[in-house]
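Some notes on the structure that comes next.
Numbers for residues simply follow the sequence, beginning at 1.
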Amino acid sequence: SAVRTRKKAGMDVSVDDSFGMEKEVIASKNSISEQIYAAYGQNIAADLTEKLSPQVLKEAMDGNEEISAEALLEQCEEAAIAEENAFYENEVRSVREAAAKSESEVINFLEALDLPATLSNLSLVQEFRQMGAGKWRDLWKEEDTDAVLDAMEEPDSLDDVFAEIEENMQKELVERRELDDITWQNQMSRLFTFHGAMRRCQVYEVPILTEFGITTCNITIQDGVEKEKGSIEIAMNSKEFGRLQASFKVKEKKVNGFVTVEDETSVSSCQERMDAFEKELEEIGFTMDGNTLITGQRTSLSVGNKEEGAKNQDLYRIARLFVVTMNRKDDDNEN
């Protein structure tokens, strides 16, 4: 309408009684205005298809007044902005917490991995301490648990197994089109780099399938430095025992263990599981030289060793056996 008005501005036309007379006026069914309104409505509908929020729709339907499509779309866009802000507020909170907790242990951990102490890496270390980043854990599949645990019987194949798992993760992200999001893409790239650096130092986040879904545990193997040669560090969150941490020292065929369990009420059942672990150690040729179980919680970060040659198979087998035994259900133990 504005364009039509502007076209008439400044016109000086003289007409007589016969000027511009039409014999018959035929109105088009698709005038310019109608075509514009139709296209506008189609755009609104298309945007609503992508942005319509269930909560906004519920509130609109619960209201007493009719709401236009434009107003409904505006409310959806405002809701999306609020959700986006909440996401970044959470990210900011994580970064701030990571920066506040960046004690020397965390810095040393990153230095051992040859990673810079950026806010992003500090945040990833904090997530690793908490037994897995949500973004990472959500991508694990049930079959990944068996693949990783089976590879721990032949640890030199672990790198190939993790490489295949990460390749499948990236394919899934492409199918879900999440890699179209630059922010998400950068986060996942940093996450893969972080876990790759850990594995080069024999530090692993291992997926564990439980009746409550997939959780993870952290395993560190130290077999290169003389002072800590033959050491295994394991941390896991258990529905049954709470936070569980174990340190094992392996010398020849003897194993000395120190285990802390967070939940005091589960110490006796945890000891039963430790007794089962000791028996299964004997079946693969090892003896438990010492076994200490106490209530407590540790938050230490340990780094393994960069190995050029073959990995110490015994250490990986013992770590695998402990993880499997502690996550075994009671009915499995009876069988």
Side-chain angles (χ1 to χ4, degrees), residues 131 145-146 148-158 161 201-206 208-210 216-238 240-298 300-305 307 309-335:
M131 251 53 78
T145 295
D146 290 336
V148 174
L149 291 176
D150 289 347
M152 292 186 75
E153 292 281 359
E154 299 289 340
D156 291 331
S157 66
L158 263 176
V161 170
C201 291
Q202 299 186 82
V203 181
Y204 305 92
E205 185 173 277
V206 177
I208 304 297
L209 178 62
T210 71
T216 57
C217 75
N218 301 337
I219 298 177
T220 303
I221 304 295
Q222 297 172 320
D223 61 3
V225 178
E226 190 60 35
K227 179 182 176 182
E228 298 172 337
K229 189 174 182 179
S231 296
I232 306 168
E233 294 288 338
I234 301 174
M236 67 177 75
N237 286 327
S238 166
E240 187 175 0
F241 307 120
R243 188 178 180 89
L244 184 69
Q245 291 181 275
S247 300
F248 296 104
K249 184 75 174 179
V250 183
K251 189 173 183 180
E252 296 179 349
K253 292 296 181 178
K254 293 184 178 181
V255 180
N256 193 292
F258 176 69
V259 179
T260 57
V261 60
E262 184 179 35
D263 188 353
E264 186 174 0
T265 62
S266 64
V267 171
S268 60
S269 59
C270 186
Q271 184 61 61
E272 292 177 2
R273 207 68 63 84
M274 286 293 296
D275 293 339
F277 170 63
E278 183 173 350
K279 290 179 181 178
E280 296 194 34
L281 272 178
E282 293 174 355
E283 292 180 5
I284 62 174
F286 294 88
T287 58
M288 185 68 79
D289 192 38
N291 179 1
T292 303
L293 173 63
I294 64 171
T295 304
Q297 185 175 356
R298 292 175 284 157
S300 60
L301 276 172
S302 55
V303 181
N305 316 112
E307 286 296 302
K311 296 180 173 66
N312 188 322
Q313 185 178 22
D314 287 344
L315 299 181
Y316 284 84
R317 293 181 69 195
I318 292 171
R320 176 192 180 278
L321 184 61
F322 179 79
V323 170
V324 170
T325 303
M326 299 311 291
N327 283 281
R328 186 176 296 154
K329 294 184 290 187
D330 290 335
D331 53 353
D332 292 334
N333 287 330
E334 293 173 0
N335 295 331

(Q) Under the rule for salt bridge (Lys or Arg N to Asp or Glu O under 4.0 Å), what residues qualify as partners of R243, not counting sequence neighbours? (A) none

Q) Using a distance-only test with no angle check, is there a side-chain donor-acceptor pair under 3.5 angstrom linking T295 and E264? A) no

Q: First locate atom CG of D156, then atom CD of E154, and finally report the distance between them rounded to the nearest 0.5 Å.
A: 8.0 Å

(Q) Set out, in order, the CA-CA distance, both residues' side-chain angles and the distance that settles side chain to side chain contact (heavy atoms under 4.5 Å, CB included) for Y316 and K311, then state yes or no. (A) CA-CA 8 Å; Y316 284 84; K311 296 180 173 66; 3.2 Å; yes

Q. Near E252 CD, under 6.0 Å, is it more than 12 heavy atoms from other residues, nucleotides or ligands?
A. no

Q: Please report the shortest heavy-atom distance between V203 and S302, naming the atom on each side.
A: CG2-O, 4.1 Å

Q: Please report the shortest heavy-atom distance between V148 and L158, naming the atom on each side.
A: O-CD2, 3.9 Å

**Q.** Gap separating the CD1 atom of I284 from the CZ atom of R320, nearest 0.5 angstrom
**A.** 9.5 Å

Q.
Taking the side chain as everything from C-beta on, heavy atoms only, tell me whether T325 gets closer than 4.5 Å to V323.
A. no

Q.
Is the shortest side-chain heavy-atom distance between S266 and V261 below 4.5 Å?
A. yes

Q) How long is the gap from CD on E262 to CG on N237, to the nearest 0.5 Å? A) 7.5 Å

**Q.** Where M326 and C270 come nearest, the two heavy atoms and their spacing
**A.** CE-SG, 3.6 Å

**Q.** F322 and F248 aromatic ring geometry - parallel, tilted or perpendicular at 30°/60° bounds
**A.** perpendicular

Q: Quick one: closest heavy-atom pair of M236 and N327, and the distance?
A: SD-ND2, 3.5 Å

Q.
If the threshold is 4.0 Å, N to carboxylate O, is there a salt bridge linking K253 and D314?
A. yes

Q. So, do V255 and I318 sit near enough that their side-chain heavy atoms are less than 4.5 Å apart?
A. yes

(Q) Just verifying a value: how many Å separate D289 CG and L281 CG, rounded to the nearest 0.5 Å? (A) 12.0 Å

Q: State, yes or no, whether a side-chain contact exists between I208 and T216 at a heavy-atom distance under 4.5 Å.
A: no

Q) With sequence neighbours left out, what residues match T260 under side-chain contact (heavy atoms from CB on, under 4.5 Å)? A) Q245, F258, I294, R298

Q: List the steps and the verdict of side chain to side chain contact (heavy atoms under 4.5 Å, CB included) for L244 and V259.
A: CA-CA 7 Å; L244 184 69; V259 179; 3.7 Å; yes

Q. Is there a donor-acceptor contact under 3.5 Å from the side chain of E278 to the main chain of T287?
A. no

Q: Under the ring pair (Phe, Tyr, Trp, His ring centres under 6.0 Å) rule, collect the residues that match up with F241, sequence neighbours excluded.
A: none

Q) So do the side chains of R317 and M152 get within less than 4.5 Å of each other, counting heavy atoms only? A) no

Q: Determine whether N218 and I234 make a side-chain contact, defined as any pair of heavy atoms from C-beta on separated by less than 4.5 Å.
A: no

**Q.** Taking every non-hydrogen atom, the tightest pair across T220 and V303
**A.** CG2-C, 3.7 Å

Q | Smallest separation among heavy atoms of G257 and M288, with atom names | A | N-SD, 4.2 Å

Q.
Any non-hydrogen side-chain atom of Q222 less than 4.5 Å from a side-chain atom of Q202?
A. no

